[in-house]
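Proteins get letters first, then strands, A, B, ... in listed order; numbering begins at 1 in each.
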Amino acid sequence: MKQRRVRFAPSPTGPLHMGGVRTALYNYLYAKQAGGKFILRIEDTDSHRFVPGSEEYVIESLHWCGIVPDEGVDKDGKIVETPCAEHPHAPYRQSQRKHIYRKYAEQLVSTGNAYYAFDTPEELDALRKEAEAKKSSFTYNYHSRTSLKNSLTLPAEDVERRLAQESGWTIRFKIPENRVVKMNDLIRGDIEVNTSTLDDKVLWKRTDELPTYHLANIVDDYLMEITEVIRGEEWLPSLPLHYLLYEAFGWEENRPQFAHLSLLLKPDGKGKLSKRDGDRLGFPVFPLQWTNEDGEISHGYREDGYFPEAFVNILAFLGWNPGNEQEIFTLEELIEVFSLERVVKSGARFNHDKAKWYNQEYLRRKSTKELVKAFRALEGERLSAFDDNYIGAAVELIKERAYFVHEFWNLCGFLFEAPQEYDPSGVNKFWKDDIKGIIPQVAHFLENMEPFSSNVIEENLENLIITRSWGMGKVMNTLRLLLVGRSSGPGVADIMEILGKKEVLRRISNAIARLG
RNA sequence: GGCCCUAUCGACUAGUUGGUUAGGUCGCAACUCUCUCAAGGUUGAAACACGAGUUCGAAUCUCGUUGGGGCUACCA
């Protein structure tokens, strides 16, 4: 079997959305499992919508996820522009392949599969508005093209003159009339469409003298020897055109197989997931943070504290499952078990809670060493006076209660800074006259405790409290309040062990002094 | 409007050759553990969109309806 070659082909019109990352991921998994190549190609044939920085954003996003292209991007993370052994099909940016497409577009005209059209955008707009007024719609097709300005209707000399004189003309594909195109999709099975419902799509644009997606895409997939096209469902309606193009070029033998992925839907309401949903519902829709030209910041999974492994896992399970009950998969494991047959056909709704759960699962799987490093990266200054062992003990105490590393400080900051104030409702509830007499006795008892370890503290303290009939809850909750300033948190004995005897006694006496 | 795709708990989904108490995960609830809050453990509520048809028997096959999604640009 020949080598599998798949591609991810985003257009640089802004930040890559998580749905795009999922498409890239599925392509990557498919390629890696088959021992094939994953290619990145930049489809920048729309000069008007180009957004600076989006190409770099795509590459950085994929890199963060560990979805690294085999072809199209060099070791420095740049799109390859000149062919070499590893990147034989360069350039991988379509704007730099313009000369290639022109030839193929004209080939289609000469074989009668396409024609020059001279209608201006304004003329076509007018026709659309006119049709709209009559509650119908204008379509450039077998029916209407006979009455429009193109090389099919105009005399040959007129066409010659226009091609020579006029700067603007487009090339349109001549969709055959009343034929059934039989297609196959790896996920959806057989699909049939009658060509009479299709329109004569523009293949070559007059406005920026570049091919449209349809032409560039087919030519590049052919030239780059792509074997499977795994892309979003929004392309399904143009699949018949793409089939027809392969046929018109005589490339049917080399036509890739297609797989159309369902779209990611809004968590609530209607429609597909969009940029705005993230801000509205409080979760990121982009892998990495993005700042647009107006300075507006969109959240990114990376900056919001998601681990890339978790993000990849979340994406993989949005529209695919392994068929068993395992939910946590590394990239390597996903490569092993992924299959297009198990991709779900209907759209998947993103769920923020489940995404957080995934991150929590990955957080729990991290070693203390890794978490200490991540914690330091986030809270460097506040932790600088403490060594890794101390921070490690703190992390181990609270890691089970966190979804994200950025929650660590709130969960265990009291181990690094003595409380500045005491939760008023806790004070109100616990700091009563009887306990005021008990706490100094407890402090005195702790002074002589050796070793000052969680188990010893727990056991002895419990004995003391029970013997004196003080009440476990009352004493322990008060101690927690005095030690950390709050009435909730980890076990008191565990907190004491990490703080150490000296600090514990200091905090208790400070608290007594402060609270009176 | 037209064309195409799609339809199982609130969400993600299993259920690939028709026969299951329709399973799992997130979330939710209760109980439990417990010095608090989490976490953990146990349990529970929760779904085959609807209508025909085929069949002894349909979540599963067929048709229709309805819902959802996409496309309908000289955007991708």
Side-chain angles (χ1 to χ4, degrees), chain A residues 9-13 43-46 48-49 117 119-121 124-125 128 132 135-140 168-172 185 187-188 191-194 196-199 201-214 216-217 231-240 260 262-263 265 267-268 270-272 314 317-328 341-342 344-358 360 364 398-402 411 426 429-430 458 461-462 465 471-481 486-493:
Chain A
S11 56
T13 54
E43 309 226 322
D44 55 347
T45 54
D46 186 351
H48 307 287
R49 289 208 308 158
D119 319 271
T120 66
L124 295 174
D125 265 355
R128 286 197 185 91
E132 210 174 300
K135 285 189 175 177
S136 68
S137 61
F138 169 75
T139 313
Y140 210 120
W169 42 264
T170 66
I171 293 175
R172 282 181 183 270
D185 182 281
I187 296 169
R188 293 155 206 282
I191 302 168
E192 293 187 1
V193 172
N194 189 300
S196 295
T197 64
L198 271 26
D199 64 331
K201 276 274 175 293
V202 169
L203 260 23
W204 190 270
K205 299 180 278 183
R206 95 197 287 176
T207 52
D208 47 14
E209 297 185 311
L210 244 22
T212 58
Y213 168 86
H214 303 291
N217 187 267
R231 68 202 335 183
E233 195 184 13
E234 70 269 28
W235 295 110
L236 202 47
S238 46
L239 186 59
H260 291 88
S262 62
L263 271 12
L265 271 21
D268 65 335
K270 296 180 174 186
K272 62 175 175 177
I314 291 163
F317 270 67
L318 240 31
W320 172 87
N321 72 82
N324 59 34
E325 282 167 9
Q326 187 181 342
E327 302 231 33
I328 304 296
E341 293 76 53
R342 295 206 64 88
V344 177
K345 289 187 274 197
S346 52
R349 233 171 261 278
F350 173 76
N351 186 274
H352 192 28
D353 282 326
K354 187 116 187 210
K356 281 161 69 180
W357 174 79
Y358 268 111
Q360 182 185 41
R364 287 178 177 184
I398 50 88
K399 64 181 278 193
E400 294 290 313
R401 22 200 349 134
L411 256 16
K429 189 174 175 190
F430 298 114
E458 173 114 48
L461 215 45
E462 196 179 326
I465 292 166
M472 273 297 271
K474 197 163 75 177
V475 176
M476 295 305 252
N477 283 318
T478 307
L479 281 171
R480 180 183 293 100
L481 179 69
R486 283 187 257 177
S487 42
S488 68
V492 171

Taking the side chain of [X] as heavy atoms from C-beta outward, which of [options] is closest to it?
X      : options                : value
A:A348 : B:rG69, B:rG1, B:rU13  : B:rU13
A:M476 : B:rA39, B:rC12, B:rC35 : B:rC35
A:V344 : B:rU6, B:rC5, B:rA14   : B:rA14

Select base, sugar-phosphate, or nothing to describe what [X] touches, counting heavy atoms under 4.0 Å on all strands.
X      : result
A:G473 : sugar-phosphate
A:L198 : nothing
A:G319 : sugar-phosphate
A:V193 : sugar-phosphate

If [N] has a Watson-Crick or G-U wobble mate with both distances under 3.5 Å, name it; if not, just say none.
N      : value
B:rA49 : B:rU65
B:rC9  : none
B:rA14 : none
B:rC74 : none
B:rU36 : none

Applying side chain to side chain contact (heavy atoms under 4.5 Å, CB included), can you list everything that pairs with [X], at least two apart in sequence or on another chain?
X      : value
A:P237 : none
A:S136 : A:A131, A:K134
A:S238 : A:H214, A:W235, A:H242

Taking salt bridge (Lys or Arg N to Asp or Glu O under 4.0 Å) as the test, write out the residues that go with A:D119, two or more places apart.
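None.
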Per-nucleotide protein contact string for nucleotides 22-29 of chain B (B base, S sugar-phosphate only, - none; heavy atom under 4.0 Å)
-SSBSS--
Under a 4.0 Å heavy-atom criterion, the protein footprint on nucleotides 71-76 of chain B, written with B, S and -, is S-SBBB
Ignoring backbone atoms, establish whether A:R342 has a side-chain N or O less than 4.0 Å from OP1 or OP2 of B:rG15.
yes
So for A:R480 and B:rC35, does any side-chain atom that can act as donor or acceptor lie under 3.5 Å from a complementary atom in the base?
yes
